[in-house]
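Reading through the structure tokens given below for one structure.
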Amino acid sequence: MTVNWKSKKLYFAAGLLAISAIAACIYAMMAILNHMLLQDARADGVGWAENAATQTHNIERLLEGEANFSLTERILRQLRDVGNIYSVQFLAPNGEVRFEANQFHPEETSGLAANHDHDEHDVEGEPRIAEAMVGPHMHVDGTFHANLTHTLAVDLASHTVRLGAGDGHHEPLHYAEVNHPVLKDGVLQYALRVRVDQTERFTLFQTAIWEISLLLGATALFVVGIPAYLSVRSRKEADLADQRAHYLSKHDSMTGLANRNYFLDKLERHANKVKAGQDKIAFVAIDVDGFKEVNDSYGHDVGDELLIQFAAQLKYECQNFQSIARIGGDEFACFTRFTDDEEMRQFIDNLQKSMSHPYEIKDHNLISTVSIGAAFYPDDAKDVTDLMKKADIALYAAKTDGRNGYAIFNSAMEAEIASRRELEALLRHAAQHHSFDLFFQPLYCSERKSACGFEALMRLRDHSGDFVSPDKFIPVAEEMGIMEELGLAILLKAAEAAMKWPDYLRLAVNLSAMQFESGNLVAQVEQVLKTTGLPPKRLELEITESLLMQNTKRNISQLNKLKELGVSIAMDDFGTGYSSLGYLWQFPFDKIKIDRSFLGGDETSNEKAMQVISTIIALGHSLEMRVTAEGVETESQVDMLHELQCDQLQGFYLGRPTPEAELSKYWLEEDEAITTITSLANRRLRAAGSD
């Protein structure tokens, strides 16, 4: 993991602080060590001085040269036993050394010297302790060699203590020197200078001091180092989080491609560099066809993996592009600078083909295709926003042209998309405010030769008042996903109109497959019947075969519940699908409607057409279903269908779709006919009675 500059500075500061703390501990401990040694030396010196005070008379005789070896040995034996004193000097007030004795032995010989009894004599009969005490340069009469003359750098009248270090041969490795003045009536008589061997104590004290220092250092390291480490670790995590946030602010977390904002920022910068007459920018919008169906059929985990593989393929194909991005769920985009229009068109064609291929995902072999829309800057757009809009228009054109293709923007597409947007606005307003018209086409009873009901047909007017073809607006409404809302509005408005008709007239309403998807259709129909008061037996709902091909079990369940309400169900456009007969066995329809395609041409001279129609009618009757023939255009067709015993007829010959306000003519004419027939019958009865 890379440590940034801030972390390095924090590490350095923490380390410096820890080292400073340890150094301070060591310095403090050494000061304490020196203080302890000084105090120890002072105590030894004071003890020696107090002991020497008892020998003042003998010491004065020693200094005056009157002492013999026995006296000297006795005095020095008593003085030696005080502390670790190994050297004694008596100094005159002028600093002159009057007497000096030294019994220091180096470490390698000190043990041997210690093993000899002090009472033993050497070959000349002189006591060994005296020799050890006075040294090889000392005379017993107290005189001294010139080489042993020492002058203190301090006032002899002052009590001083200083520490020193030796070589271990002539002086101990660690010793203390104590100067103790002897005053009489305030006048310096002589000064005593003693040296105390502190090597053993120094080692002991130093070991204790180092152990304490290490403990304090470890404590300082624990107190300073661990918080510093945790702080640095926290800083690293914060830096990683910042880096992650910075990355995610520019990239898509799933595919690793640039996100929309970062992509547009780069596109804006490149667009600003494009100059007239030089290179251009191609903006390519890419959409995965049928991605929703992949998610619904295989699950979102498969859909996500498809997008990841798709993004990797796109990066490979467009590796020379300036940027590639995922700008929506299954929407991608890329742009590049180019100079040759034809070459770019060829690249887009190849890109569409290369991106449409099978993908192996979790044991599923998915054949995924793409639709591509492209626009060029500055040829097609004045700025980046307009460029994206034009590419989206081209993409829409590619998708409406059947998908699995590409389109490059041209001005005609813009007019088409504008018309589409206008139609979408009309449909959205119609669904929310019921701002559409209902026309009703009569259904004729073949036996009675009169209207027995009406089929409701939606009519939509544009801003100029002209009608928009249902073949045009119905697919758009389904793509917009508003057919459920729009279908409910149609059903409610038609039921309200039907309540103004005579009771024997039925209402037929077409249902879209989209109305079955939410599962709310039964409740909606029940609510409409309750709101308008229309009896269920007067309502007939028409469905197409395509509905049953989508989630058959769920849809048939809803149809059964509608029948339980008392509503009739009819299969529209019967005979146009591959499985119409099969669905007749799965669901007991109340009526089938023969598609208008069977009545094309002169059916009276087309025996095969008559045979098919006759078979369908016979099939319907055998299943106890009514049969309606659509597309009746001629009188001969009426006669033929009447002969074949078709139950109901519908077509322009019998009546075109009519506004609600003009429907009354159908039942008024029938009422007049009934009145005329009744009147004639009454006249005949009266005439017969008079006879």
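In what follows, residues are counted from 1 in the order of the sequence shown. Only heavy atoms go into these numbers, but all of them, side chains included; no hydrogens, no water, no symmetry mates.
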Can you tell me how far the [atom1] atom of [X] sits from the [atom2] atom of [Y], to the nearest 0.5 Å?
| X | Y | atom1 | atom2 | answer |
| --- | --- | --- | --- | --- |
| Arg269 | Lys273 | CZ | NZ | 7.0 Å |
| Gln313 | Met355 | CD | CE | 5.5 Å |
| Met254 | Arg326 | CE | CZ | 4.5 Å |
| Glu177 | Glu171 | CD | CD | 8.5 Å |
| Phe321 | Phe283 | CZ | CZ | 11.5 Å |
| Ile281 | Phe376 | CD1 | CZ | 12.0 Å |

Is the shortest side-chain heavy-atom distance between [X] and [Y] below 4.5 Å?
| X | Y | result |
| --- | --- | --- |
| Leu267 | Ser323 | no |
| Lys399 | Asp287 | yes |
| Phe332 | Phe310 | yes |
| His180 | Val194 | no |
| Val178 | Leu192 | no |
| Thr336 | Cys318 | no |
| Lys280 | Met344 | no |

Quiz item: Can you name the side-chain contact (heavy atoms from CB on, under 4.5 Å) partners of Asp340, sequence neighbours left out?
Solution: Glu342, Glu343
Exercise. Return the set of residues passing side-chain contact (heavy atoms from CB on, under 4.5 Å) with Phe291 (not counting sequence neighbours), or none when no residue passes.
Key: Val288, Asn295, Leu306, Leu307, Asp330
Exercise. Output all residues satisfying side chain to side chain donor-acceptor pair (under 3.5 Å) with Ser87, sequence neighbours left out; order by chain, then residue number.
Key: none
Exercise. Mind checking ring-ring contact (aromatic ring centres under 6.0 Å, His included) for Tyr396 and listing every partner two or more places apart, or none if nothing turns up?
Key: none
Quiz item: Sequence neighbours excluded, which residues qualify as ring-ring contact (aromatic ring centres under 6.0 Å, His included) partners of His270?
Solution: Phe335
Quiz item: Charged N to carboxylate O below 4.0 Å: is that the case for Asp380 and Lys390?
Solution: no
Exercise. Could you tell me whether Asp341 and Arg345 make a salt bridge, using a distance below 4.0 angstrom between a side-chain N and a carboxylate O?
Key: no
State whether the side chain of [X] and the backbone N or O of [Y] hold a donor-acceptor pair below 3.5 Å, judged by distance alone.
| X | Y | result |
| --- | --- | --- |
| Asp265 | Asn261 | no |
| Ser356 | Lys353 | no |
| Gln322 | Arg337 | yes |
| Arg195 | Asp197 | no |
| Gln89 | Asn179 | no |

Taking all non-hydrogen atoms of both residues, which atom of [X] and which atom of [Y] are closest, and how far apart?
| X | Y | answer |
| --- | --- | --- |
| Leu395 | Ala285 | CD1-O, 4.0 Å |
| Ser249 | Asn259 | O-ND2, 2.9 Å |
| Asp386 | Asp383 | N-OD1, 2.7 Å |
| Ala375 | Ala391 | CB-N, 3.7 Å |

Check: residues 365-373 side-chain donor-acceptor pairs under 3.5 Å, at least two apart:
{"residue": "Thr369", "atom": "OG1", "partner": "Asp289", "partner atom": "OD2", "Å": "2.8"}
{"residue": "Ser371", "atom": "OG", "partner": "Asp289", "partner atom": "OD1", "Å": "2.8"}
{"residue": "Ser371", "atom": "OG", "partner": "Asp289", "partner atom": "OD2", "Å": "3.3"}
{"residue": "Ser371", "atom": "OG", "partner": "Asn404", "partner atom": "N", "Å": "3.3"}

Exercise. Inspect the surroundings of NZ in Lys266 and state if more than 12 heavy atoms from other residues, nucleotides or ligands are less than 6.0 Å away.
Key: yes
Practice problem: Dump the intermediate steps for side-chain contact (heavy atoms from CB on, under 4.5 Å) on Leu351 and Ile286, then the final yes or no. | Solution: CA-CA 10 Å; Leu351 176 63; Ile286 308 165; 4.2 Å; yes
